[in-house]
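Accompanying notes for the structure given below.
Residue numbers begin at 1 in each chain, while the letters A, B, ... track the order of the sequences.
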There are 2 protein chains.
Amino acid sequence: MHENNIRIGRLLGDAYEAWQRGAYAALAESGFADIRPAHSPVLRFVGEQGARVVDLAEQARMTKQSMSYLVSALEQSGYVSLTADPDDGRARLVHLTAKGNQARDVLIGHSLALEERLAARIGKDRVEDLRELLAEATGPWLP
Amino acid sequence: MHENNIRIGRLLGDAYEAWQRGAYAALAESGFADIRPAHSPVLRFVGEQGARVVDLAEQARMTKQSMSYLVSALEQSGYVSLTADPDDGRARLVHLTAKGNQARDVLIGHSLALEERLAARIGKDRVEDLRELLAEATGPWLP
DNA sequence: GCCACTAGTCAGATAATCTGTCTATATTGG
DNA sequence: CCAATATAGACAGATTATCTGACTAGTGGC
């Protein structure tokens, strides 16, 4: 009866791209056009106390050079600031500025709005179901 | 009781990246290391009869120049061939070669293997559930 | 206090996208 | 049936986001 053909990987990719397009288009319309998907690991992994570039890089699974490039771009556009690490003279701590926090909050807001639109279509229970299933599909069970 | 915090967008991104890493690492180990995620829309949208670059570009939501770049790379590595379109003297038809079909089949095989691993963990019913939910999360209900 | 390790930068390469321009062919309206 | 317009793709060049390799400066164990 049901079409059981489309693979999970493809569905994941399509869903993620649609979600990302929606969220970042809304973010751009909110006045943060200079934040692109590539910058999101910075917003995501910088905590309240700031983080070192090398730690951001590891969490984002990229080289420190690549992370440094992203951090520099966000620093130039005023979303993060860099301060000396008091505990390590080699390191610098990346912090979100007020503008950076605002951008992160607006992005989260748009993302939550998408969740609400989905909940309006399929119901809150199904959204929670999806949340659980996605968490299980991501776990550490790969070769 | 339940942690209801992690947003769907983030979960989608994490799941997709894990899935893609797994599938393309396996593809590389199978001897197709020169096929990268960026090439996947070509494998995906070229049908049996071949497709024009401009149509591939539209389906992949990119410019024809970008798609042309991807097609050229795959042509040089022998995964696709280009023939004149009999119905349109301006156009060329992109076809998968035997090697290209093989690569696509191997990639699909690895993707299905991941689905089976997931089914072994959470059950086939839950996988079907995920499939349906992802299809609903991707539909044309965005602004 | 030396020596191995680590944080970050500098330099350069590559991949994957974009915009703009151009040519050749197709299509369509008078 | 042809002239105007539209389309397919190629060419040139720029940008973004990643990589590797080499270097500098600071850390910390012994």
So which protein N/O to nucleotides 13-17 of chain D N/O distances come out below 3.5 Å?
residue: D/dA17; atom: OP1; partner: A/Arg36; partner atom: NE; Å: 3.0

Are any protein N/O atoms closer than 3.5 Å to N/O atoms in nucleotides 21-25 of chain D? If there are, list each pair with its distance.
residue: D/dG21; atom: O6; partner: A/Gln65; partner atom: NE2; Å: 2.6

Just list the side-chain donor-acceptor pairs under 3.5 Å for residues 103-110 of chain A, sequence neighbours left out, or say none.
residue: A/Arg104; atom: NH1; partner: A/Asn101; partner atom: OD1; Å: 2.9
residue: A/His110; atom: NE2; partner: A/Ala26; partner atom: O; Å: 3.4
residue: A/His110; atom: NE2; partner: A/Ser30; partner atom: OG; Å: 2.8

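Judged as a salt bridge (Lys or Arg N to Asp or Glu O under 4.0 Å), the pairs with a partner in residues 88-97 of chain A (not counting sequence neighbours) are, in order, A/Arg52-A/Asp88, A/Asp88-A/Arg90.
Between the CG atom of B/Asp87 and the P atom of D/dG9 there is a distance of 13 Å, rounded to whole Å. Taking atom CD on A/Glu58 and atom P on D/dC19, their separation rounds to 14 Å, with Å as the unit. Summarising the geometry, the separation between CE on B/Met67 and P on D/dC11 is reported as 18 Å, rounded to the nearest angstrom.
B/Thr97 contributes a side-chain N or O that, together with a main-chain N or O of B/Gly78, makes up a donor-acceptor pair within less than 3.5 Å. The main-chain N or O of B/Arg36 is never found under 3.5 Å from a side-chain atom of B/Ser40 such that the two would form a donor-acceptor pair. A donor-acceptor pair under 3.5 Å is absent between the side-chain atoms of A/Lys124 and the main chain of A/Glu116, judged by distance alone.
Using a 4.0 Å heavy-atom cutoff across all strands shown, A/Ser66 reaches at least one base atom of the nucleic acid. Here B/Asp85 lies out of heavy-atom contact (under 4.0 Å) with every strand.
What you find for A/Val46 and A/Ala51 is that their closest heavy atoms are CA-CB, 4.4 Å.
For B/Glu115, the side-chain contact (heavy atoms from CB on, under 4.5 Å) criterion is met by A/Arg7, A/Ile8, B/Trp19, B/Leu112, B/Arg131, not counting sequence neighbours. By the side-chain contact (heavy atoms from CB on, under 4.5 Å) test, A/Asp129 pairs with A/Arg126, B/Arg126, B/Asp129, B/Leu133, sequence neighbours left out. Every side-chain contact (heavy atoms from CB on, under 4.5 Å) that A/Arg121 has, sequence neighbours left out, goes to B/Trp141. With sequence neighbours excluded, the residues satisfying side-chain contact (heavy atoms from CB on, under 4.5 Å) with B/Ala57 are B/Lys64, B/Met67. For A/Arg44, the salt bridge (charged side-chain N to carboxylate O under 4.0 Å, His left out) partners two or more places apart in sequence, or in a different chain, are B/Asp14.
Other residues, nucleotides and ligands contribute only 12 or fewer heavy atoms inside 6.0 Å of the CD atom of B/Glu58.
For DNA chain D, none of the residues of residues 40-52 of chain A falls under the heavy-atom distance limit of 4.0 Å.
Atom CG of residue A/Leu56 and atom OG of residue A/Ser68 lie 10.5 Å apart, to the nearest 0.5 angstrom.
Grouping the Ile, Leu, Val, Met, Phe, Trp and Tyr side chains by contacts below 4.5 angstrom, directly or via other members, places A/Leu11 apart from B/Leu43.
First and last contacts of DNA chain C with chain B, using any nucleotide atom under 4.0 Å from a protein heavy atom and ordered 5' to 3', fall at C/dA15 to C/dA26.
Using five terminal pairs a side, the axes of the helix from C/dG1-D/dC30 to C/dT14-D/dA17 at its two ends make an angle of 10°, given in steps of 10 degrees.
A/Tyr16 and A/Gln20 share a side-chain donor-acceptor pair at under 3.5 Å.
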